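When a ligand or atom number is given, it counts from 1 through the structure's own listing order. Keep in mind that what you see is a predicted model, and the values were worked out from it rather than measured.
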Amino acid sequence: MSSFGEKGAPGRSVTPPATPSASTPASRPVKTPSTEDRNVEPVKLDYAGVEGGTEKVSAGGEGSPVPEKKTQTVDPWSVESDAAIDYDKLIKDFGTTRISKELLNRFEELTGTKPHHFLTREIFFSHRDLSAILDLYEKGQKFYLYTGRGPSSEALHLGHCIPFFFTKWLQDVFNCPLVIQLTDDEKFLFKQDLKLDECHRLAYENAKDIIAVGFDMSKTFIFSDLDYIQYMYPTILQIQKMTTYNQVRSIFGFTMSDNIGKSAFPAVQAAPSFSACFPIPLNGAKNMPCLIPCAIDQDAYFRMTRDVAPRMKCNKPSLIHSKFFPPLQGRGGKMSGSVGNSAVFLTDTPKQIKDKINKHAFSGGQDTMEKQRELGANLDVDVAYEWLTFFCDDDARIAQIGDDYSTGKMLTGEVKKELIGVLQKMVGEHQERRAAVTDDIVKQFMTVRSLEF
Ligand code: TRP
């Protein structure tokens with residue numbers, strides 16, 4: 001059994017058939033390199049000859065101690081559920097804490113900022129030690145934000161943007177430094193067909209979309225693991241030495257036939273939680289506390305991180321977790337970039353957005369107009385309505401649509417039309433900002449340099 005200290009140690013949350021929930025939606029000092037070493041040249045590395053592995057890609061499931069009859073699996077590689085995801089169960093299984101009204105009130109009092117609609121609508125719904133971050137803010141002490149992306153596809157879809165939108169808002173509110181990890185190494189190890197040079201290229205490609213979200217360059221450092229590994233390596237080694245194979249296996253479900261890189265990787269995602277990895281960006285800060293915004297499927301990495309932190313004489317990172325952005329087809333799971341029609345991509349044209357939503361968004365409305373007028377829609381399963389709760393920040397409008405649609409005053413087509421308008425505007429504006437992100441801007445964000453804070 002794992003000796004992990006975090007409550008609810010096993011990483012994979014597996015529910016027996018159950019009713020869906022009511023939830024709506026240290027370290028060793030790193031030698032500072034000389035100034036000449038500081039700039040990381042993008043895309044010069046030649047990994048072209050490095051092929052993908054030969055064994056089959058395992059989501060960590062096969063052969064792992066998971067009962068056959070599962071209705072809900074949530075780990076970094078799969079989010080599967082027969083019904084709506086039971087978020088209360090995840091909170092219980094992972095041992096996290098629901099974000100309370102009181103916590104949001106305190107947040108508002110301290111920052112003078114109204115909580116983001118992701119918070120008030122419980123899209124970011126769970127945390128670990130968020131109050132510790134608010135305590136620091138209250139005392140005027142520094143902390144940094146850390147988030148990341150696994151670059152496995154050319155284009156990001158709307159679900160990928162949620163943590164970045166939220167992280168930008170946090171950076172603006174707290175005025176703090178931010179590091180963004182692009183795990184090109186992870187995608188190489190976990191995706192059978194991807195070659196290393198391709199993963200590295202995708203990291204730079206994805207960086208453009210991330211930059212287009214609007215991060216403050218003077219406070220944001222984006223890095224590819226392949227490029228930046230040397231700065232993190234002392235921390236990675238410490239984490240690896242403190243973590244046994246039994247532990248990663250129990251948290252991540254690795255099997256005897258998974259490649260050994262997978263077992264070593266969790267330490268790479270854990271490492272940026274410790275400020276020792278950023279001697280230059282964080283100006284030599286010793287043990288600076290860290291807040292990680294992420295989707296709840298990433299929590300497994302940070303349970304492991306929080307377990308080793310005290311032994312490394314480091315602060316445990318705090319976390320704030322989001323729910324998953326539902327696929328167009330609805331029901332369980334998260335939107336997948338590989339199932340074309342389940343997602344809206346940041347590269348979609350206005351027409352593609354319109355067609356996908358009209359054709360594929362699962363409707364909670366009735367079959368006929370007469371029945372809809374009489375009975376109204378079931379908002380709990382309606383995807384267009386749920387997507388609006390993510391992207392329409394007007395609370396009064398959302399409440400109005402909710403009332404009208406559930407009582408039959410509004411029809412599915414009208415709700416979809418509203419969503420299409422919101423998304424066409426949002427995606428269009430993103431595309432404009434992205435077009436303005438030059439290679440030179442990417443290079444600046446990804447240069448090892450000291451951040452201003
Ligand atoms: N593993 C994540 C993914 O596949 C990427 C990631 C790296 C990340 N570090 C992170 C996500 C920190 C959230 C927070 O997308």
Side-chain angles (χ1 to χ4, degrees), residues 11 57 59-60 74-79 94 96 124 126-128 130 144-168 170-171 177-191 194 199-200 202-203 205-207 209-210 213 215 220-229 232 235-236 239 248 251-254 261-275 277-278 290-306 316-325 334-338 343:
V57 176
V74 173
D75 64 33
W77 303 285
S78 59
V79 174
F94 292 174
T96 71
F124 275 81
S126 150
H127 74 101
R128 294 183 187 271
L130 185 57
Y144 69 104
L145 295 167
Y146 158 42
T147 192
R149 150 138 186 102
S152 59
S153 65
E154 200 85 31
L156 274 68
H157 60 56
L158 295 178
H160 294 138
C161 299
I162 310 288
F164 291 111
F165 289 164
F166 189 63
T167 302
K168 170 178 159 46
L170 287 173
Q171 182 182 51
L178 159 68
V179 297
I180 300 178
Q181 177 179 47
L182 300 173
T183 53
D184 36 18
D185 50 350
E186 175 191 21
K187 292 301 149 179
F188 173 66
L189 291 166
F190 286 86
K191 297 266 171 182
L194 282 180
C199 297
H200 188 243
L202 288 173
E205 209 44 44
N206 288 178
D209 276 308
I210 293 169
V213 169
F215 294 106
T220 306
F221 173 51
I222 305 179
F223 59 98
S224 123
D225 282 342
L226 277 169
D227 294 338
Y228 191 70
I229 199 80
M232 301 190 283
T235 306
I236 290 170
I239 299 167
V248 284
I251 298 179
F252 298 97
F254 298 132
K262 290 185 185 181
S263 302
F265 174 76
V268 180
Q269 183 156 332
S273 315
F274 302 116
S275 61
C277 286
F278 304 101
C290 175
L291 170 63
I292 306 172
C294 62
I296 188 115
D297 61 333
Q298 299 295 307
D299 187 69
Y301 289 110
F302 304 114
R303 287 197 290 281
M304 187 193 101
T305 311
R306 287 169 55 91
K316 288 183 178 186
S318 295
L319 285 117
I320 180 158
H321 304 111
S322 74
K323 294 180 179 169
F324 307 115
F325 187 62
K334 62 175 178 182
M335 202 155 81
S336 160
S338 46

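Between Gln269 and ligand 1, an N or O atom pair is found at a separation short of 3.5 Å. Considering backbone and side-chain N/O of Tyr146, one or more are found under 3.5 Å from N/O of ligand 1.
Comparing Ser322, Gly148, Ala271, Ala295 by heavy-atom distance to atom 6 (C) of ligand 1, the nearest is Gly148.
For Tyr144 (side chain) and Ser275 (main-chain N/O), a donor-acceptor pair under 3.5 Å exists by modelled atom type. A donor-acceptor distance shorter than 3.5 angstrom exists from the side chain of Thr147 to the backbone of Pro293, with no hydrogens or angles considered. Under a 3.5 Å cut-off, the side chain of Asp184 and the backbone N or O of Leu226 do form a donor-acceptor pair. Remark: the backbone N or O of Ala271 is not paired with any side-chain donor or acceptor of Gln181 at under 3.5 angstrom.
Atoms of ligand 1 lying under 4.0 Å from at least one heavy atom of Lys187, given by number and element, are 4 (O). Residue contact check: Glu186 has heavy atoms under 4.0 Å from atoms 1 (N), 2 (C), 3 (C), 4 (O) of ligand 1. For ligand 1, the atoms sitting less than 4.0 Å from at least one non-hydrogen atom of Cys294 are 13 (C), 14 (C), numbered in the order shown with element in parentheses. Close approach of ligand 1 to Arg149 is summarised as follows: ligand atoms under 4.0 Å from at least one heavy atom of the residue are 5 (C), 6 (C), 15 (O).
In Phe302, the part holding a heavy atom less than 4.0 Å from any atom of ligand 1 is the side chain. At a 4.0 Å heavy-atom cut-off, ligand 1 touches Thr183 through the side chain alone.
Using a 30° and 60° split on the angle between ring planes, Phe190 and Phe254 fall in the tilted class, from 30° to 60°.
When only non-hydrogen protein atoms are considered, atom 3 (C) of ligand 1 lies nearest to Gly150 N, 3.4 Å. Among protein heavy atoms, the minimum distance from atom 2 (C) of ligand 1 is reached at Gln298 OE1, 3.3 Å.
Expressed to the nearest 0.5 Å, how far OG1 of Thr96 lies from CD1 of Ile296 amounts to 4.5 Å. In this structure, Asp297 CG and Ser322 OG are separated by 8.0 Å, a value rounded to the nearest 0.5 Å.
Not a single heavy atom of His160 sits closer than 4.0 Å to an atom of ligand 1.
Note: Phe278 and Tyr228 meet the aromatic proximity criterion, with ring centroids under 6.0 Å apart.
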